[in-house]
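The structure under discussion appears below in the form of structure tokens.
Excluded from the calculations below are hydrogen atoms, water molecules and symmetry mates; all remaining heavy atoms, backbone and side chain alike, are included.
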Amino acid sequence: MEIWINPACSKCRSALSVLDAEAAEYTVRRYLEDPPDAAEIRDVLTRLGLEPWDITRTGEARAAELGMDAWPRDAQTRDRWISALAEHPILIQRPIITADDGSAVIGRSEEAVRSALSRPSSGNAGASDQGGR
């Protein structure tokens with residue numbers, strides 16, 4: 001499993017605490033330093049069963065600068081939203097956990113994080129960290 005985090009985010013730190021308490025095996029991706037590209041965002045959206053505007057932090061200053069509140073939320077503008085998320089990863093809701101079974105959750109609550117843990121996995125042997133903590 002992989003978790004996309006911003007270390008400054010309290011929800012991300014809480015999600016990591018739950019994963020650590022459960023001795024879950026996961027990889028950390030500091031998505032502001034290692035941003036997902038448009039294809040990765042599309043994949044995560046499919047896994048989540050959501051649209052790009054559903055995972056956009058529209059309260060961020062960058063969203064206001066881009067005027068995203070006025071952007072249509074439809075199939076014709078979907079790629080525009082995805083491009084904005086790829087270019088400005090601060091706009092991506094966090095943390096996002098991708099489970100080994102191909103699903104994903106937005107881990108903003110302990111229950112959501114635990115739901116990712118209940119999915120089939122390749123083992124529970126501790127944490128690894130791509131970006132360093």
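- Using a 4.5 Å heavy-atom threshold, the side chains of Gln93 and Arg108 count as touching.
- Taking 4.5 Å as the limit, some side-chain heavy atom of Pro95 sits within range of a side-chain heavy atom of Lys11.
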- Item | side-chain contact (heavy atoms from CB on, under 4.5 Å) between Asp43 and Thr98, intermediate numbers included | CA-CA 10 Å; Asp43 177 61; Thr98 55; 5.8 Å; no
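- The shortest distance between side-chain heavy atoms of Pro36 and Arg29 falls below 4.5 Å.
- Expressed to the nearest 0.5 Å, how far OG1 of Thr58 lies from CG of Leu91 amounts to 9.0 Å.
- Taking every heavy atom of both residues into account, Val28 and Tyr26 meet most closely at CG2-CE1, 3.5 Å.
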- Task: Go through the steps for Leu50 and Val44 under the test side-chain contact (heavy atoms from CB on, under 4.5 Å), then give the verdict.
- Result: CA-CA 9 Å; Leu50 297 174; Val44 163; over 6 Å; no
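- Within the 4.5 Å cutoff, the side chain of Val105 has no heavy atoms near those of the Val113 side chain.
- Of the possible donor and acceptor atoms, none in the side chain of Tyr31 sits under 3.5 Å from a partner among the backbone N and O of Ile3.
- Linking ILVMFWY residues whenever their side-chain heavy atoms come closer than 4.5 Å, directly or via other members, leaves Leu32 and Leu16 in distinct clusters.
- Under the 3.5 Å distance criterion, the side-chain polar atoms of Glu22 are left unmatched by any main-chain donor or acceptor of Leu19.
- Side-chain contact between Met1 and Leu117 is present, with at least one heavy-atom pair separated by less than 4.5 Å.
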- Item | Working for side-chain contact (heavy atoms from CB on, under 4.5 Å), residues Trp53 and Met68 | CA-CA 9 Å; Trp53 44 85; Met68 294 179 87; over 6 Å; no
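- Remark: Ser115 OG to Ile106 CD1 distance equals 11.0 Å, nearest 0.5 Å.
- Residues Arg94 and Trp4 fail the side-chain proximity criterion, which asks for heavy atoms closer than 4.5 Å.
- The line from CG of Asp101 to CZ of Arg47 is 8.0 Å long, rounded to the nearest 0.5 Å.
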- Starting from the C-alpha separation in whole Å, work towards a yes-or-no answer on salt bridge (charged side-chain N to carboxylate O under 4.0 Å, His left out) for Arg78 and Asp74. CA-CA 6 Å; Arg78 188 173 199 268; Asp74 57 27; over 6 Å; no
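- Cation-pi geometry between Arg80 and Trp71 is met: the NZ or CZ atom falls under 6.0 Å from the ring centre, inside 45° of the normal.
- For the pair Arg42 and Asp79, the salt-bridge criterion is met [side-chain N within less than 4.0 Å of a carboxylate O].
- For the pair Ser17 (side chain) and Arg13 (backbone), a donor-acceptor distance under 3.5 Å is present.
- Panel note: side chain Arg30, backbone Ile5; no donor-acceptor pair is recorded below 3.5 Å.
- Interatomic distance, CG of Asp37 versus CG of Leu85, reported as 12.0 Å (0.5 Å rounding).
- Between Ile97 and Glu2 the shortest side-chain heavy-atom distance does not fall below 4.5 Å.
- A heavy-atom distance below 4.5 Å is not found between the side chains of Glu111 and Arg114.
- Cluster membership check: Val18 does not share its hydrophobic cluster with Ile96, using side-chain heavy-atom separations under 4.5 Å among Ile, Leu, Val, Met, Phe, Trp and Tyr.
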